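Below is one structure, written out as structure tokens; comments come after it.
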Amino acid sequence: QVQLVESGGGLVQAGGSLTLACAASGRTSIASAYAMRWFRQAPGKEREWVAQMLPSGSTYYPDSVKGRFTISRDNAWNTVYLQMNSLKPEDTAVYYCAADGPFIYDVQAMCYERSPTQYNYWGQGTQVTVSS
């Protein structure tokens with residue numbers, strides 16, 4: 001059973017930085033086979049996606065955080081990070097880590113494809129509060 005545990009949240013002033021970490025257990029090198037994503041949910045709002053890293057290493061961000069947030073993974077591919085810079089009060093939310101997959105690399109097609117059986121895992125979240 002895969003477990004994801006987020007850490008690194010806290011209180012920071014506007015303009016400051018925080019780095020969140022998502023540590024995975026129960027599966028070795030999860031980020032090599034799963035799409036790793038960070039989401040956030042502010043009070044009274046829907047959960048929104050803020051960063052994605054595919055097994056290929058490709059990263060994606062919505063416009064709201066592009067240029068300020070960076071997703072990365074460690075060399076063992078068991079921990080995923082979210083570096084958040086130039087934080088704004090509107091970034092205040094509970095931040096969640098999620099893993100979606102697995103993907104299998106198709107050598108002939110030279111691309112990753114989803115395996116027939118898919119799983120989706122979530123962490124418990126970590127609070128980020130940005131004061132103005």
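Since we're looking at a predicted model, the values are computed, not measured.
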Minimum-distance pair of heavy atoms, taken over all atoms of Gly101 and Tyr34: N-CD2, 3.3 Å
Flag if over 12 foreign heavy atoms under 6.0 Å of CG, Asp106: yes
Interatomic spacing from CZ in Arg27 to OH in Tyr121 - rounded to 0.5 Å: 8.5 Å
Cluster link Met53 to Tyr60, ILVMFWY, side chain under 4.5 Å: no
Tyr81: hydrophobic cluster co-members (side-chain, 4.5 Å): none
Same apolar cluster: Leu20 and Val12, side chain cutoff 4.5 Å: yes
Gln3 CD: over 12 foreign heavy atoms closer than 6.0 Å: no
Sidechain-backbone polar pair: Arg73 side chain, Ala31 backbone, donor-acceptor under 3.5 Å: yes
Pair Ser56-Ser58, side-chain donor/acceptor within less than 3.5 Å: yes
Ring-face cation of Arg40 near Tyr96 (centre distance under 6.0 Å, axis angle within 45°): no
Set of side-chain contact (heavy atoms from CB on, under 4.5 Å) partners for Leu11, sequence neighbours left out: Thr129, Ser131
Ring center gap for Trp122 and Phe39 short of 6.0 angstrom: yes
Atom pair CD/NZ of Glu90 and Lys45 - distance to nearest 0.5 Å: 8.0 Å
Spatial distance of atom CG (Leu4) from atom CD1 (Ile30) [nearest 0.5 Å]: 5.5 Å
side-chain contact (heavy atoms from CB on, under 4.5 Å) partners of Ser32, counting only residues at least two apart: Ser29, Trp77
Derivation of the side-chain contact (heavy atoms from CB on, under 4.5 Å) call for Val5 and Gln124: CA-CA 7 Å; Val5 179; Gln124 82 290 348; 4.2 Å; yes
Under 3.5 Å side-chain donor-acceptor pair for Gln118 and Asn120: no
Distance (rounded to the nearest 0.5 Å) between Trp38 CH2 and Ile71 CD1: 8.0 Å
For Lys88, salt bridge (Lys or Arg N to Asp or Glu O under 4.0 Å) partners two or more places apart: none
Sequence neighbours excluded - salt bridge (charged side-chain N to carboxylate O under 4.0 Å, His left out) pairs with any residue from residues 122-132: none
Closest non-hydrogen atom pair, Pro89 against Ser132: CG-CB, 3.8 Å
Side-chain donor or acceptor of Thr126 paired with backbone N/O of Gly9 under 3.5 Å: yes
Arg37: salt bridge (Lys or Arg N to Asp or Glu O under 4.0 Å) partners, not counting sequence neighbours: Asp100
ILVMFWY cluster, Tyr61 and Val130 together (side-chain gap under 4.5 Å): yes
Any side-chain heavy-atom pair of Tyr95 and Leu82 under 4.5 Å: yes
Minimal non-hydrogen separation, Glu6 against Gly125, with atom names: OE1-N, 2.9 Å
Nearest heavy-atom neighbours spanning Ser115 and Ile104: CB-CD1, 3.6 Å
Gap between atom OG1 of Thr79 and atom CE of Met36 - 0.5 Å precision: 9.0 Å
For Leu18 against Leu87, the heavy-atom pair lying closest together: N-CD1, 3.9 Å
same_hphob_cluster(Trp49, Val128) at 4.5 Å side-chain heavy-atom cutoff: no
Spacing of Ser86 atom OG and Met84 atom CE [to the nearest 0.5 Å]: 11.5 Å
Hydrophobic cluster membership, Met110 vs Phe103, 4.5 Å side-chain cutoff: yes
Shortest non-hydrogen separation from Ser17 to Gln83 and the atoms involved: CB-NE2, 3.9 Å
